[in-house]
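Notes to accompany the following structure.
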Number of protein chains: 2
Amino acid sequence: MTRLPEDLPECMVFLLGKAYQKAHGDFNQRLRPYGLTNMQHLVLEGLWYQPGMTATELSKLLILDKATLSGVLDRMTETGWIIKSPDPQDRRVQRIYPSEDANRLKPELIEKRKEANLEILERFTPEERILFKRFLRDMI
Amino acid sequence: MTRLPEDLPECMVFLLGKAYQKAHGDFNQRLRPYGLTNMQHLVLEGLWYQPGMTATELSKLLILDKATLSGVLDRMTETGWIIKSPDPQDRRVQRIYPSEDANRLKPELIEKRKEANLEILERFTPEERILFKRFLRDMI
DNA sequence: AAAAATTTGTTCGTATACAAAGGAATTATC
DNA sequence: GATAATTCCTTTGTATACGAACAAATTTTT
């Protein structure tokens, strides 16, 4: 079995990518039974925090490209997770709300994210958890 | 301006994703003049480490889905960064090599990754850098 | 109020990502 | 030594990602 080039385990882009790949994949597995993706779950969290946001507001909140979000919202409308309703003040804008079905599943779905988060953090000590999160936040 | 839901800055999947998004985007900017992507650069690093690897070996080394790698290698062959040559022992296998053009740019390209890495790390103290990398490696 | 600039959201093009299925070649098993 | 199991890689289908260009609507400027 080939080993890693000496530098790769030192390269932050690589390390961040692989750590995210792992966390992202695990969380997606957890969401699979619901037919939701990580990204779609994230959108719901945003909308539960503040229902009726516009796509632009959501994309700023979640640090997402508006072109990416556009597709995500399309699929979520298609599958009934969210509802778009036109803004009477500004005809360019659509206000976005979680659907009733989504709201019904809210406690369960929030719980899933907490589980996924704990699974990641449990290998670290409480001090390490604080530090790790601080490092990541400092990058954003 | 909307603020983040209280939990998002605590969610590791979110934090890892955004930190990676940032690092990945910055590195891609640096590589843009060469017409290379982060992923393609990574493939070259793998091949410089051990030329003649098969796609399967590369995908294990770089922790990549083989289906994803297949497309990346196609594009890199198309643009002349790598060369595929059939293995005489096993007709299923293609051995992959960096092209002459790629080798010529090797020092310059390696330097780019180092620069990107430093840009990320310079905001942390030496002790923090060690810790941060350890945390990320522990996740993989 | 007409022209210019900006904002909102979509569409297009390209590049990952990965599950699942498939074709071709090789190896293992009986 | 023929069948089964495995391996290598590609293809298909769906979901991000994001730059760039765009139409429609709104705001700003003059």
Side-chain angles (χ1 to χ4, degrees), chain A residues 13-14 16-29 31-43 53-60 62-79 81-82 84-96, chain B residues 1 13-14 17-29 31-43 53-60 62-79 81-82 84-96:
Chain A
V13 183
F14 180 78
L16 285 164
K18 292 313 161 184
Y20 169 62
Q21 186 181 41
K22 187 85 178 307
H24 177 263
D26 288 352
F27 192 28
N28 267 336
Q29 286 309 314
L31 292 176
R32 196 168 254 268
Y34 300 91
L36 264 183
T37 65
N38 185 346
M39 173 65 17
Q40 294 173 5
H41 186 281
L42 191 61
V43 165
M53 266 192 286
T54 68
T56 300
E57 288 167 344
L58 247 184
S59 99
K60 280 177 188 154
L62 305 179
I63 316 176
L64 270 179
D65 193 282
K66 63 191 169 167
T68 301
L69 186 57
S70 190
V72 175
L73 295 179
D74 275 354
R75 287 184 285 279
M76 292 182 74
T77 304
E78 195 65 32
T79 48
W81 288 106
I82 60 171
K84 291 182 181 180
S85 93
D87 184 312
Q89 256 68 58
D90 187 337
R91 277 184 301 171
R92 293 169 304 180
V93 172
Q94 300 266 340
R95 303 245 156 231
I96 308 167
Chain B
M1 173 70 72
V13 183
F14 180 78
K18 292 313 163 187
Y20 169 63
Q21 187 181 41
K22 188 83 179 311
H24 177 263
D26 287 353
F27 192 28
N28 267 336
Q29 288 309 315
L31 292 176
R32 198 169 253 267
Y34 299 93
L36 266 183
T37 66
N38 186 344
M39 173 65 18
Q40 296 173 4
H41 186 282
L42 191 60
V43 165
M53 265 191 288
T54 67
T56 301
E57 288 167 343
L58 248 184
S59 100
K60 280 178 187 154
L62 304 179
I63 316 175
L64 269 179
D65 192 282
K66 62 193 167 165
T68 301
L69 186 56
S70 191
V72 176
L73 294 180
D74 274 355
R75 287 184 285 279
M76 292 183 75
T77 303
E78 194 67 31
T79 46
W81 288 105
I82 60 171
K84 292 183 183 179
S85 93
D87 183 312
Q89 257 69 57
D90 187 335
R91 278 185 298 173
R92 293 169 303 182
V93 172
Q94 299 266 341
R95 303 247 155 227
I96 309 166

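Only this structure's heavy atoms are used, side chains among them; waters, hydrogens and symmetry mates stay out. Letters go in sequence order (proteins before strands), and every chain restarts at 1.
Place P88(B) and H24(B) on DNA chain C by their nearest nucleotides, and H24(B) ends up nearer the 5' end. Sequence order on DNA chain C of the closest nucleotides to S70(A) and G71(B) puts S70(A) first from the 5' end.
Atom CE in M39(A) sits 10.0 Å away from atom CE in M76(A) (nearest 0.5 Å). Remark: Y34(B) OH to H41(B) NE2 distance equals 8.5 Å, nearest 0.5 Å.
I96(A) places its CD1 atom 11 Å from the C1' atom of dT8(C), with the value rounded to the nearest Å. The CZ-P distance, from R91(B) to dG23(C), rounds to 18 Å in whole Å. Atom CG in D65(B) sits about 13 Å away from atom C1' in dA21(C), given to the nearest Å. Between L62(B) atom CG and dC18(C) atom C1' the separation is 16 Å, expressed in whole Å. dT11(C) atom C1' lies 12 Å from atom NZ of K66(A), rounded to whole Å. The nearest whole Å value for the distance from the CD atom in Q29(A) to the P atom in dA15(D) is 15 Å. In this structure, CG of L73(B) is placed 7 Å from P of dT10(D), rounded to the nearest angstrom. For the pair M53(A) CE and dT8(C) P, the interatomic distance rounds to 14 Å; values are reported in whole Å.
Nearest to the side chain of D74(B), among dT16(D), dT11(D), dT8(C), sits dT11(D). Out of dC18(D), dT16(D), dT8(C), the shortest distance to the side chain of M39(A) is found at dT16(D). Residue R75(A) has its side chain nearest to dA15(D) when only dA15(D), dT16(C), dG9(C) are considered. Listed candidates were dT26(C), dC9(D), dT16(D). Nearest to the side chain of Q40(A) is dT16(D). Residue D90(B) has its side chain nearest to dT26(C) when only dA17(D), dA20(C), dT26(C) are considered. Distances from the side chain of R92(B) to the nucleotides dA19(C), dT11(D), dC8(D) place dC8(D) closest. Nearest nucleotide to the Y20(A) side chain, out of dT26(C), dA17(D), dA25(D): dA17(D).
Contacts of A67(A) with the nucleic acid, taken as non-hydrogen atoms under 4.0 Å apart, include base atoms. Counting any heavy atom pair closer than 4.0 Å across all strands shown, T37(B) reaches sugar-phosphate atoms only and no base atom. Counting non-hydrogen atoms under 4.0 angstrom, T56(B) reaches the backbone sugars and phosphates but no base.
Across R92(A) and D90(A), no two heavy atoms sit closer than the pair NH2-OD2, 2.8 Å. Considering every non-hydrogen atom in both I96(A) and L73(A), the closest pair reads CD1-CD1, 3.4 Å. Looking at every heavy atom in both residues, V13(B) comes nearest to N38(A) through CG1-ND2, 3.3 Å.
Using a distance-only test at 3.5 Å, with no hydrogens or angles considered, a donor-acceptor pair links the side chain of K18(A) to the main chain of I63(B).
The phosphate of dT8(C) has neither OP1 nor OP2 within less than 4.0 Å of any side-chain N or O from K84(A). The side chain of T68(A) contributes no N or O atom lying less than 4.0 Å from OP1 or OP2 of dA17(D). A close approach under 4.0 Å does not occur between any side-chain nitrogen or oxygen of Q21(B) and OP1 or OP2 of dT16(D). Side-chain nitrogen and oxygen atoms of K22(A) include none within less than 4.0 Å of the OP1 or OP2 phosphate oxygen of dC18(C).
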